[in-house]
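One structure below.
Remember, it's a predicted structure, so these values are computed and weren't measured experimentally.
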Amino acid sequence: MLWYILIGVLCLLAGLALGFFIARRYMMTYLKKNPPINEQMLQMMMAQMGMKPSQKKINQMMNAMGKQQEKEAKTKKKK
């Protein structure tokens with residue numbers, strides 16, 4: 001009887017750990033494919049701050065954010 005409880009608890013813990021890592025990987029790939037800030041949102045934010053954004057400035061900011069995300073991803077992989 002004790003073995004059944006022990007096996008059940010171990011399976012539950014293994015399932016929780018596996019589910020966590022699968023969900024984490026799914027969210028990382030989802031956010032990489034669909035970044036939370038796009039060009040229209042960036043343009044609206046700049047307009048609210050009183051700036052008149054040019055397409056060149058928007059592209060520069062998007063590239064900078066992309067490079068920052070790649071840099072963070074590389075440092076997380078190294079650890």
Nearest heavy-atom neighbours spanning Met41 and Pro36: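 Between these two residues, the closest heavy atoms are SD-O, 3.4 Å.
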Residue Met44 excluded, over 12 heavy atoms near CE under 6.0 Å: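 Not more than 12 within 6.0 Å, no.
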Met62 atom CE, neighbour heavy-atom count above 12 within 6.0 Å: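 Atom CE in Met62 is crowded, with more than 12 foreign heavy atoms closer than 6.0 Å.
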Is [Y] reachable from [X] through a run of hydrophobic residues whose side-chain heavy atoms are each under 4.5 Å from the next?
X     : Y     : result
Leu10 : Trp3  : yes
Ile37 : Met49 : yes
Ile5  : Leu13 : yes
Ile58 : Met51 : yes

Gln43 vs Glu39, side-chain hydrogen bond (donor to acceptor under 3.5 Å, both in side chains): CA-CA, chis, key distance, verdict: CA-CA 6 Å; Gln43 194 171 18; Glu39 291 182 13; over 6 Å; no
Met65 side chain reached by Leu42 side chain, heavy atoms, under 4.5 Å: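 Leu42 vs Met65: side chains touch.
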Residues Lys57, Gln60; criterion side-chain contact (heavy atoms from CB on, under 4.5 Å); working and verdict: CA-CA 5 Å; Lys57 185 69 173 175; Gln60 286 176 345; 3.8 Å; yes
